[in-house]
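First the structure, in the form of structure tokens, and then the observations on it.
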Amino acid sequence: MGLIDKFKSGLNATRKKLSHEITRIFSGSPKLGEETLEELEFALIGADLGIGVTNRIVSAIKQAYESQGSDGVNVITIARQEIVKVFDQSAEQLCREDGLTIISMVGVNGTGKTTTSAKLAHRLQLDGKTAMIAACDTFRAAAVEQTKQWGQRLDVPVIAGSYGADPASVAHDAVAAAQARNLDYLIIDTAGRLHTKSNLMAELEKLHRVVGKQIPGAPQEVLLVVDATTGMNALNQAREFHKTVPLTGLVITKLDGTSKGGMVVAIQDELRLPIKFVGLGEQADDLQPFDPNQFAEALFSAVKSDE
């Protein structure tokens, strides 16, 4: 399956909802009246595109109708173009330093950090890089075992401590082990934590300080993993984490299980944080680099069909 097909499949729930709503709105309203605009606005907000992006799409469609008339307007093309404008045109790549590059995976509980860490390590290996995972979620009893299982399944080395061990100590040992093996990347799977828990946020800062002493500037990437099914709550998480931890990018998981895939656009529009990867399924290769053009195309690709 090609990348665009993965996006289409992963965004199926979101695009079907938009397809149904936009087709209904514009097939039943040959003229662009206030009622039609309000319905379009409601449909776009319902997909969690955010107020700002929704207003720009509606405004662009209204302007096109005023200047071209209804016969010359393709609503879907306009919406797609406005979404692409939100993102930088170049796909964001992971940082790559000479020597070891450290990626810290952070976020609240249940977003899929452990699974995403393993999938990211697997993707790096497929790209010809070497990678290791540090199992630093020592507070969840099954987390370390889960990481080890993923490591065995994908042939990725894992450094782990015992349940309840100091996460910073595990990270320290993992950095030393990765350096000794001359690896390209170390992915640190941190414990899920609410941004409101100051003691847990302080612990995360401690972990980052420890690895920063071993490798100046580390972690070079701090990726917030957010669950797309939470809709606009994901934006709140990103907003608050970014206040405390210097995020370098986002990973959006579970896009294949939500009708609110537009939250990707809302997060980018407000925070301007690059979206590095998106999760489009359960398989090891379903973590895909984010491409704004393909995302926008997939988001609206089903509008003219009756899937």
Side-chain angles (χ1 to χ4, degrees), residues 7 11-90 92 224 226-243 247 249-250 252 255 258-275 278 290-304:
F7 269 104
L11 288 166
N12 197 42
T14 302
R15 67 195 182 104
K16 276 188 176 181
K17 182 177 181 180
L18 281 172
S19 170
H20 173 77
E21 288 300 302
I22 294 177
T23 300
R24 178 187 62 79
I25 292 167
F26 285 91
S27 63
S29 303
K31 294 183 178 180
L32 191 69
E34 288 300 319
E35 183 176 343
T36 302
L37 289 174
E38 286 181 4
E39 286 193 83
L40 175 62
E41 184 178 271
F42 184 79
L44 296 172
I45 290 175
D48 274 18
L49 285 167
I51 297 295
V53 175
T54 292
N55 287 341
R56 291 199 292 276
I57 292 174
V58 171
S59 177
I61 292 172
K62 184 177 180 181
Q63 184 177 2
Y65 264 80
E66 291 173 349
S67 62
Q68 303 172 37
S70 60
D71 292 338
V73 175
N74 187 317
V75 172
I76 302 310
T77 298
I78 294 172
R80 185 185 298 131
Q81 290 171 344
E82 290 300 313
I83 285 177
V84 171
K85 287 178 184 178
V86 174
F87 301 93
D88 294 329
Q89 291 306 297
S90 58
E92 292 284 348
L224 178 68
V226 295
D227 179 346
T229 63
T230 62
M232 294 305 284
N233 283 333
L235 174 59
N236 294 331
Q237 293 169 21
R239 185 188 295 125
E240 295 303 322
F241 260 88
H242 195 41
K243 291 178 182 177
L247 301 174
L250 302 175
I252 313 294
L255 266 179
T258 180
S259 62
K260 297 179 177 293
M263 48 76 69
V264 173
V265 185
I267 290 176
Q268 175 71 15
D269 188 48
E270 177 175 328
L271 298 180
R272 312 310 302 174
L273 283 169
I275 296 168
V278 290
F290 180 74
D291 183 296
N293 288 288
Q294 291 186 330
F295 175 84
E297 180 182 346
L299 192 63
F300 289 103
S301 62
V303 170
K304 294 182 180 179

Between A238 and L247 the two heavy atoms that sit nearest each other are O-CD1, 4.0 Å
Write down the atom of D291, the atom of N293, and the distance for their closest heavy-atom approach.
->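 In terms of heavy atoms, the two residues are closest at OD1-N, 3.0 Å.
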When rounded to the nearest 0.5 angstrom, what distance separates [atom1] in [X] from [atom2] in [Y]?
| X | Y | atom1 | atom2 | answer |
| --- | --- | --- | --- | --- |
| I57 | L37 | CD1 | CG | 12.5 Å |
| I267 | H242 | CD1 | NE2 | 12.0 Å |
| I76 | L18 | CD1 | CG | 8.0 Å |
| E39 | I22 | CD | CD1 | 11.5 Å |
| L273 | F241 | CG | CZ | 13.0 Å |
| D269 | L235 | CG | CG | 9.5 Å |

For F295, the option from I275, V84, V265, V278 that meets side chain to side chain contact (heavy atoms under 4.5 Å, CB included) =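 Testing F295 for a side chain to side chain contact (heavy atoms under 4.5 Å, CB included) against I275, V84, V265, V278 leaves exactly one candidate, V265.
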I would like to know whether T230 and N236 meet side chain to side chain contact (heavy atoms under 4.5 Å, CB included); could you show each step before the answer?
-> CA-CA 10 Å; T230 62; N236 294 331; over 6 Å; no
Partners passing side chain to side chain contact (heavy atoms under 4.5 Å, CB included) against [X] (at least two apart in sequence or in another chain):
| X | value |
| --- | --- |
| T77 | N74, R80, Q81 |
| D48 | M232, K260, M263 |
| E41 | I45, T54, N55, V58 |
| E66 | K62 |

Name all residues meeting the salt bridge (Lys or Arg N to Asp or Glu O under 4.0 Å) criterion together with E35; count only those two or more places apart in sequence or in a different chain, and write none if there are none.
->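 Per chain and number, E35 pairs via salt bridge (Lys or Arg N to Asp or Glu O under 4.0 Å) with no residue.
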Begin with the C-alpha distance, continue with both residues' side-chain angles, and end with the deciding distance and a verdict on side chain to side chain contact (heavy atoms under 4.5 Å, CB included) for L271 and L224.
-> CA-CA 12 Å; L271 298 180; L224 178 68; over 6 Å; no
Residues forming a side chain to side chain donor-acceptor pair (under 3.5 Å) with T229, sequence neighbours excluded = D227
Keeping the roles fixed (side chain from T36, backbone from L32), state whether a donor-acceptor pair exists under 3.5 Å.
-> no
Check the pair L40, F26 against side chain to side chain contact (heavy atoms under 4.5 Å, CB included), reporting the backbone distance first and the verdict last.
-> CA-CA 9 Å; L40 175 62; F26 285 91; 4.0 Å; yes
